[in-house]
Amino acid sequence: MAATDYRHKEHPKRCAERDFWGQVSRTVHGKPVGEDQIEMIIDAIRAGLQLAPDDSLLDLGCGNGALASRLFDSLSGYLGVDFSPFLLGVARRHFAAAHVRYVCQEIVSFAATSRCDCNKALCYGVFSYLARPAAAELLALLYERFPRIQQVLLGNLPDRLKAGDFYAAGGSVAPPDWQRRLDDPQEPIGIWRTRDECDELARATGWDAEFRTMPAQFYAAHYRYDVLLTRRAG
């Protein structure tokens, strides 16, 4: 089993039923992040996608649904896609609603084979685990097969130019092969991409990219950023 599959499919089973942030490794030094951190994420998603009550959201890599559940009151519809049956089981038990659906499928496969009527999309904390061919394929499929989707927010991407800041934080010592690890989607943080790389990837697949940063007090602000993709006309 690949390391990414283990973290996403097996690790959550070791967590308590209601340890929603631990299940998806939204933690710092092994402890779940605070409510203030979650609210900053939610505020960033709402502001980035400009969510309105008539919007329908496609959430690629939704995990256990705990994060997106904070958005349900801003939406007319929601479709969460994830490849972990266990996490989707948690989502269905704790975050079900009449206008909410969950699908168990790998996200690139979903984009290649399925349809939905959503007009906005979110991929939070997942995009870095896609190798470049899969990342490009996902964005191209969203552009070509989901014409109603006008905007996509890629959240919590690790910035390659800030990798040194990450390893220096807290006085930690960088492993000797840390530069090699930046290109490995199986690493705990996944692939580190520069903003220029993301911009190139967006332009090649039909999107315009706008880069956004979290408030300084956000626990990962020193090495992560968000990308808002807007469908290019024509």
Side-chain angles (χ1 to χ4, degrees), residues 1-15 19 21-33 37 40-41 44 60-64 67 82-84 86-87 106-109 122-140 152-205 209 211-214 216-229:
M1 176 178 291
T4 303
D5 287 354
Y6 175 82
R7 285 193 300 274
H8 203 58
K9 289 185 175 180
E10 299 303 319
H11 164 74
K13 298 175 184 177
R14 301 173 178 268
C15 299
D19 183 9
W21 309 130
Q23 290 167 9
V24 296
S25 299
R26 191 149 289 126
T27 58
V28 177
H29 303 307
K31 296 183 178 180
V33 300
Q37 301 293 315
M40 276 188 270
I41 296 173
L60 297 165
C62 66
N64 58 23
L67 188 66
D82 202 276
F83 74 167
S84 169
F86 179 85
L87 288 175
E106 191 276 327
I107 60 174
V108 179
S109 174
L122 173 68
C123 185
Y124 198 91
V126 174
F127 195 73
S128 63
Y129 300 109
L130 296 177
R132 183 175 177 84
E137 183 180 6
L138 177 64
L139 297 188
V152 182
L153 183 66
L154 306 178
N156 220 31
L157 276 64
D159 187 343
R160 194 179 187 92
L161 298 182
K162 300 295 183 64
D165 295 343
F166 167 78
Y167 283 113
S172 59
V173 178
D177 61 344
W178 70 273
Q179 293 188 5
R180 178 194 60 79
R181 297 186 181 195
L182 304 184
D183 295 309
D184 188 350
Q186 297 299 329
E187 284 292 310
I189 294 177
I191 294 177
W192 297 63
R193 294 183 171 97
T194 66
R195 298 187 183 206
D196 285 346
E197 287 176 293
C198 281
D199 185 61
E200 178 185 351
L201 188 59
R203 286 188 289 106
T205 52
F211 296 91
R212 307 173 71 91
T213 56
M214 295 291 284
Q217 59 269 38
F218 183 61
Y219 75 101
H222 61 293
Y223 72 100
R224 291 188 185 265
Y225 60 89
D226 299 340
V227 185
L228 178 65
L229 304 180

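The model shown is predicted, which means the values in this text are computed figures rather than measured ones.
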Task: 4.5 Å side-chain heavy-atom contact, L138 and L60 - done: yes

TODO: Could you tell me the separation between the CG atom of N156 and the OG atom of S128, rounded to the nearest 0.5 Å?
DONE: 8.0 Å

Open item on the list: So R181 and I189, do their side chains get closer than 4.5 Å, heavy atoms only?
Closed with: no

Task: Charged N-O contact under 4.0 Å between D183 and R160 - done: yes

Task: Pairing of D199 and R203 as salt bridge, 4.0 angstrom limit - done: yes

TODO: Starting at CZ of R132, measure out to CD of E137 and round the result to the nearest 0.5 Å.
DONE: 13.5 Å

- [ ] Taking the side chain as every heavy atom from C-beta outward, state whether T27 and Y219 have any pair of such atoms under 4.5 Å apart.
- [x] no

Open item on the list: Is the shortest side-chain heavy-atom distance between T213 and D226 below 4.5 Å?
Closed with: no

Task: Audit row: L87, Q23, side chain to side chain contact (heavy atoms under 4.5 Å, CB included) steps and yes/no - done: CA-CA 8 Å; L87 288 175; Q23 290 167 9; 4.0 Å; yes

Task: Side-chain heavy atoms of Y124 within contact of I41, under 4.5 Å - done: yes

- [ ] Using a 4.5 Å cut-off on heavy atoms from C-beta on, say whether the side chain of L153 contacts that of V227.
- [x] no

Open item on the list: Within the 4.5 Å heavy-atom criterion, are M214 and R224 side-chain neighbours or not?
Closed with: no

Task: Test item: E197 side-chain N/O and T194 main-chain N/O as donor-acceptor pair under 3.5 Å - done: yes

Open item on the list: How long is the straight-line distance from CG of L154 back to CZ of R212, given to the nearest 0.5 Å?
Closed with: 12.5 Å

Task: Euclidean distance, C15 SG relative to F86 CZ, rounded to 0.5 Å - done: 7.5 Å

Open item on the list: To the closest 0.5 Å, what do you measure between CG (L229) and SG (C198)?
Closed with: 8.5 Å

- [ ] Mark yes or no for whether T205, through its side chain, and L201, through its backbone, hold a donor-acceptor pair below 3.5 Å.
- [x] yes

Task: Expected output: side-chain H11 to main-chain G22 donor-acceptor under 3.5 Å - done: yes

Task: Sequence-distant partners of F211, ring pair (Phe, Tyr, Trp, His ring centres under 6.0 Å), two or more places apart - done: Y225

TODO: Would you sort out whether L130 and I107 count as a side chain to side chain contact (heavy atoms under 4.5 Å, CB included), showing the intermediate values?
DONE: CA-CA 10 Å; L130 296 177; I107 60 174; 4.2 Å; yes

Open item on the list: Checking K13 now: which residues fulfil salt bridge (Lys or Arg N to Asp or Glu O under 4.0 Å) with it, not counting sequence neighbours?
Closed with: E10

Open item on the list: As an exercise, state the distance from SG of C123 to CG of L157, rounded to the nearest 0.5 Å.
Closed with: 8.0 Å

- [ ] Assign the ring pair F166 / H222 to parallel, tilted or perpendicular, where the plane angle (0 to 90°) is split at 30° and 60°.
- [x] parallel

Task: Test side chain to side chain contact (heavy atoms under 4.5 Å, CB included) applied to L139 and F127, step by step - done: CA-CA 10 Å; L139 297 188; F127 195 73; 4.1 Å; yes

Open item on the list: Test your reading of the model: is there a side-chain donor-acceptor pair from Q37 to the backbone of Q217, 3.5 Å cut-off?
Closed with: yes

Task: Check: D19 and P32 side chains under 4.5 Å, non-hydrogen atoms - done: yes

Task: Side-chain donor/acceptor of E187 to backbone N/O of G190, under 3.5 Å - done: no

Task: Test side-chain hydrogen bond (donor to acceptor under 3.5 Å, both in side chains) applied to D159 - qualifying residues, sequence neighbours left out - done: none

